Amino acid sequence: MKRAIYPGSFDPVTVGHLDIISRSAQIFDEVIVGVLNNNQKAPLFCAKERVALIEEVTKELKNVRAEAFSGLLVDFARKEKATTIIRGLRAVTDFEYELQMSQTNRQICPEVDTLFLTASVEYSYVSSSTVKEIAYYGGDISAFVPDFVAKEVKKRFSS
Ligand code: PNS
């Protein structure tokens, strides 16, 4: 059983994330979307809500599940018996941080490797922060997130 973790903040999950999730689900037997429960950030959605959004938009993908985690990513990978961490690369600007993170993770946990998938061109500019900024100013985010997520984001900003 080849199991991979796709970790991130996913605040909220975007069409770019969904593209990486579905492509990963074709490569691995099981993909766990690991949602970082980070106390230092003030997210738009709490980890439980982010997991629920991912579950909703991936419900057709039977070998995908979402779990919140805190602490070190490699500890979460070990706990879930995953041997691969998946990260998406949108542009060269992502590379330096991702390279450092993958090498650090490999140093502290050699049995878990990182696999990079390049973003599909049509999603290469999509980010959760941009989605939140556009929604904050009342703009249209329908091109960047699945419909269900767009509705939940709008609700959050109107409340
Ligand atoms: O979506 P993001 O915010 O780019 O995801 C970053 C994430 C969650 C992958 C990264 O911050 C992470 O793995 N955090 C867990 C703590 C950890 O393991 N830190 C050491 C990484 S070198």
Side-chain angles (χ1 to χ4, degrees), residues 1-90 94 97-120 123 126-132 135 141 144-157 159:
M1 159 81 83
K2 278 269 165 210
R3 187 177 288 132
I5 304 268
Y6 176 42
S9 302
F10 304 107
D11 187 39
V13 63
T14 67
V15 286
H17 294 134
L18 202 50
D19 176 55
I20 299 286
I21 294 169
S22 52
R23 285 161 59 199
S24 307
Q26 291 178 11
I27 302 172
F28 291 92
D29 297 311
E30 187 177 30
V31 176
I32 302 166
V33 183
V35 176
L36 181 68
N37 189 357
N38 186 348
N39 297 330
Q40 284 156 18
K41 277 190 188 175
L44 182 61
F45 295 100
C46 72
K48 206 171 154 196
E49 292 170 324
R50 284 177 271 150
V51 166
L53 290 177
I54 294 165
E55 282 173 345
E56 174 61 31
V57 300
T58 59
K59 62 184 177 205
E60 308 294 321
L61 301 169
K62 300 300 172 204
N63 60 339
V64 173
R65 66 184 159 95
E67 303 282 347
F69 77 99
S70 40
L72 287 179
L73 172 58
V74 291
D75 288 340
F76 178 60
R78 279 196 189 109
K79 180 178 146 266
E80 296 290 346
K81 299 192 169 33
T83 49
T84 310
I85 292 166
I86 296 161
R87 291 288 287 172
L89 289 176
R90 290 168 300 187
D94 283 339
Y97 169 65
E98 295 297 336
L99 177 69
Q100 190 187 18
M101 193 162 67
S102 70
Q103 289 174 334
T104 307
N105 283 335
R106 188 115 199 275
Q107 180 65 37
I108 56 178
C109 182
E111 71 271 23
V112 176
D113 221 328
T114 299
L115 181 74
F116 294 114
L117 292 184
T118 53
S120 298
Y123 304 131
V126 178
S127 79
S128 299
S129 348
T130 314
V131 165
K132 284 182 279 194
I141 55 168
F144 311 121
V145 290
D147 291 347
F148 182 81
V149 176
K151 284 186 194 127
E152 294 302 313
V153 172
K154 273 183 214 154
K155 263 197 243 167
R156 188 54 51 108
F157 278 112
S159 65

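Source: prediction; values computed, not measured.
For the pair Ala66 and Val51, the tightest heavy-atom approach, listed with the atom from each and the gap, is O-CG1, 3.8 Å. Of all heavy-atom pairs spanning Ala150 and Ile141, the tightest one is CA-CD1, 3.9 Å. In terms of heavy-atom proximity, Pro43 sits nearest to Arg50 at CG-NH2, 3.8 Å. For the residue pair Glu98 and Leu89, the shortest heavy atom distance occurs at CG-CD2, 3.6 Å. Of all heavy-atom pairs between Ile5 and Ala82, the closest is CG1-CB, 3.4 Å. Shortest non-hydrogen contact noted between Asp29 and Lys2 is OD2-N, 2.6 Å.
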Ser128/His17 under side chain to side chain contact (heavy atoms under 4.5 Å, CB included): CA gap, chis, key distance, verdict:
CA-CA 9 Å; Ser128 299; His17 294 134; 3.4 Å; yes
Begin from the C-alpha positions of Glu80 and Arg65 and carry the test salt bridge (Lys or Arg N to Asp or Glu O under 4.0 Å) through to its verdict.
CA-CA 12 Å; Glu80 296 290 346; Arg65 66 184 159 95; 3.1 Å; yes
Residue pair Leu44, Phe157: steps toward the side chain to side chain contact (heavy atoms under 4.5 Å, CB included) verdict:
CA-CA 9 Å; Leu44 182 61; Phe157 278 112; 3.7 Å; yes
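Note: Phe69 and Phe76 have parallel aromatic rings, judged against thresholds of 30 and 60 degrees for the angle between ring planes.
Interatomic distance, Gln26 CD to Asn63 CG, rounded to the nearest 0.5 Å: 9.0 Å. Atom CD1 of Ile86 and atom CD1 of Ile21 lie 9.5 Å apart (nearest 0.5 Å). Taken from OG in Ser70 to CG in Asn38, the straight-line distance is 9.5 Å, to the nearest 0.5 Å. For the atom pair Phe45 CZ and Leu53 CG, the distance stands at 5.5 Å (nearest 0.5 Å). Interatomic distance, Ser24 OG to Arg87 CZ, rounded to the nearest 0.5 Å: 11.5 Å. Taking NZ of Lys132 as the reference point, atom OG of Ser129 lies at 6.0 Å (rounded to 0.5 Å).
Remark: side-chain polar atoms of Asn105 are not paired, donor with acceptor, to backbone N or O of Val112 under 3.5 angstrom. Proximity of a side-chain donor or acceptor of Ser9 to a complementary backbone N or O of Asp11 within less than 3.5 Å is not detected. With Thr130 contributing its side chain and Val126 its backbone, the two residues share no donor-acceptor pair below 3.5 Å.
Counting heavy atoms of neighbouring residues, nucleotides and ligands inside a 6.0 Å radius, atom CD of Glu111 exceeds 12 of them.
Of the residues listed (Ile54, Thr58, Val57), the one engaging Val64 in a side chain to side chain contact (heavy atoms under 4.5 Å, CB included) is Thr58, and it is the only one.
Contacts of Tyr123 classified as ring pair (Phe, Tyr, Trp, His ring centres under 6.0 Å), with partners at least two apart in sequence or in another chain: none.
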For residues 113-120, dump all side-chain donor-acceptor pairs below 3.5 Å to protein atoms at least two apart in sequence or in another chain.
| from | atom 1 | to | atom 2 | distance (Å) |
| --- | --- | --- | --- | --- |
| Ser120 | OG | Asp19 | OD1 | 3.4 |
| Ser120 | OG | Asp19 | OD2 | 2.7 |
| Ser120 | OG | Arg23 | NH1 | 3.4 |

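The shortest side-chain heavy-atom distance between Glu152 and Pro12 does not fall under the 4.5 Å cut-off.
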